[in-house]
Amino acid sequence: VPGAMAAERALAMATCTAPVNIAVIKYWGKRDTDLILPINSSLSVTLHQDQLKTTTTAAASRDFTEDRLWLNGAEVDVGQPRVQACLREVRRLARKRRGGSEDAAALSLLSYKVHIASENNFPTAAGLASSAAGYACLVSALARLYGVEDELSEVARRGSGSACRSMWGGFVQWQRGERPDGTDSLAHQVAPETHWPELRVLVLVVSGQKKPVASTAGMQTSVETSPLLKHRAEVVVPERLTQMMRHIRERDFEGFGQLAMRDSNQFHATCLDTFPPIFYLNDLSRHIIALAHRYNAHHGHTKVAYTFDAGPNAVIFALADTVDEFVEVVRRSFPPAANGDQFVRGLPVGSAVLPQELVAAVVTEPVPGAVQYILHTKPGPGPQLVDDPSQHLLGADGLPRRRA
Ligand code: DP6
């Protein structure tokens with residue numbers, strides 16, 4: 001059908017997926033709030049997209065009359081400065097690439113309006129960091145649409161600082177950089193996801209969360225008021241980055257886990273040192289911290305390590321042979337409300353019978369229903385292109401498809 005052919009040519013579309021990441025050396029504080037340049041480098045583990053991912057479709061057509069954006073099916077303001085910064089920067093790279101080329105089709109694509117639809121495969125209400133995956137995915141999909149193959153962590157950074165780390169899989173460092181224009185504030189892979197096959201991640205999604213202070217606002221107050229944060233950025237983090245890279249290289253769980261816990265604790269200490277103070281940890285987070293330490297003390301070494309971002313969900317690192325037992329410890333410590341929901345999700349977890357001494361030493365004062373569910377995952381790859389056109393989130397009319 002000639003009409004259909006013409007419509008096809010007039011509509012270009014690309015779909016990508018991108019992962020969530022969890023920092024083990026935390027980013028907290030900007031030296032430039034517009035360019036999103038951090039006061040310290042950071043290091044993270046990219047989580048597997050089988051459990052947590054964002055999918056984004058970007059389309060351009062001469063028939064579109066305005067740029068539009070849908071998140072989880074609902075239209076949102078495309079004019080948000082960070083979305084605009086990402087759009088502008090990808091288009092700038094595309095123009096630079098096409099510079100001097102005779103590719104009229106590519107050039108006209110750049111002049112068309114875009115429609116963008118983005119979805120998470122995890123409930124937004126769970127309070128899992130979605131902005132990192134979201135901006136990494138937006139930038140990946142736009143880059144595909146325009147045929148840009150450059151290093152894109154610099155662009156993702158303009159969406160959300162932590163998003164630059166979601167542009168890579170495995171173990172990722174975001175180098176703070178020195179230049180005022182941010183061209184050297186980039187993420188790069190320290191080790192691929194295959195480097196440490198035994199490493200596992202348990203996300204403990206806690207119940208009844210209040211919306212915490214947004215990280216963007218929180219970290220700015222910290223930069224302005226916390227002397228501890230200044231010391232952390234100048235002295236502590238540079239030392240810890242070197243140590244953490246070594247622990248990862250050597251697959252030293254004891255070293256990795258201890259340092260991850262200490263760095264999470266210091267990040268939350270800088271929040272308390274902020275004036276007025278910011279509280280991201282709550283009683284339940286502290287309960288989980290104490291549980292992890294009792295568990296490690298019982299075993300006489302670091303078997304599990306916790307880390308918390310700007311919210312009360314706990315992320316636990318462990319080696320595969322610890323998962324079954326620790327999940328049972330969590331189940332006994334936070335007996336799930338019997339509402340039929342799956343308590344353990346993601347990768348399979350085997351059953352474990354806990355020795356009586358372990359229960360006596362570790363499972364003190366159970367808090368029923370406090371943990372909503374546990375998501376079992378592992379390190380995973382960076383953003384992926386989705387080849388199958390049936391997976392596009394936008395239909396041939398450029399509007400969101402009905403969701404299943
Ligand atoms: C506590 O990347 O969300 O998760 O750059 O303002 O968008 P903006 O902040 P964001 O901050 C993340 C902070 C953190 C630690 C981390 O991921 O390193």
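Numbering of ligands and ligand atoms starts at 1, following listing order. Given the structure is predicted, the values throughout are model-derived calculations rather than measurements.
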Fill in the blank from the handout: Numbered in order shown, the ligand 1 atoms found under 4.0 Å of a heavy atom of F267 are 1 (C)
Exercise for the section: Please say whether the positively charged group of R345, taken as NZ for Lys or CZ for Arg, lies over the ring of Y373, i.e. under 6.0 angstrom from the six-membered ring centre and within 45 degrees of the axis. Expected result: yes
Problem - Test: D67 and R91 ion pair at under 4.0 Å - result: yes
Problem - atom 4 (O) of ligand 1 [closest protein heavy-atom partner, distance rounded to 0.1 Å] - result: D309 CG, 3.3 Å
Handout entry: D150 and R92 ion-paired at < 4.0 Å
Key = no
Fill in the blank from the handout: The protein heavy atom nearest to atom 16 (C) of ligand 1 is R165 NH2, 3.3 Å
Handout entry: Ring center gap for F334 and H287 short of 6.0 angstrom
Key = yes
Problem - Heteroatom proximity flag, Y27 to ligand 1, N/O under 3.5 Å - result: yes
Exercise for the section: Please work out which of the three classes, parallel, tilted or perpendicular, describes the rings of F64 and H115, given edges at 30° and 60°. Expected result: parallel
Handout entry: Side chain proximity check, H293 to Y306, heavy atoms < 4.5 angstrom
Key = yes
Problem - Contact (N/O only, under 3.5 Å) between S42 and ligand 1 - result: no
Exercise for the section: Please indicate whether any nitrogen or oxygen in G161 is less than 3.5 Å from any nitrogen or oxygen in ligand 1. Expected result: yes
Exercise for the section: Mind checking whether R82 contacts ligand 1 via backbone (N, CA, C, O), side chain (CB onward), both or neither, at a 4.0 Å heavy-atom cut-off? Expected result: side chain
Handout entry: Contact atoms of ligand 1, heavy-atom distance to I36 under 4.0 Å
Key = 5 (O)
Handout entry: Per-residue contact class, S215 against ligand 1 - non-hydrogen pairs under 4.0 Å
Key = side chain
Exercise for the section: State the atoms of ligand 1, each with its element, that fall below the 4.0 Å cut-off from a heavy-atom position in A23. Expected result: 16 (C), 17 (O), 18 (O)
Handout entry: Pairing of R246 and D252 as salt bridge, 4.0 angstrom limit
Key = no
Problem - Charged N-O contact under 4.0 Å between E234 and R232 - result: no
Handout entry: Interfacing atoms of ligand 1 (cut-off 4.0 Å, heavy-atom, S162)
Key = 2 (O), 3 (O), 10 (P), 17 (O)
Practice task
Determine, considering heavy atoms only, which of H268, M219, K30 sits nearest to atom 11 (O) of ligand 1.
Solution key: M219
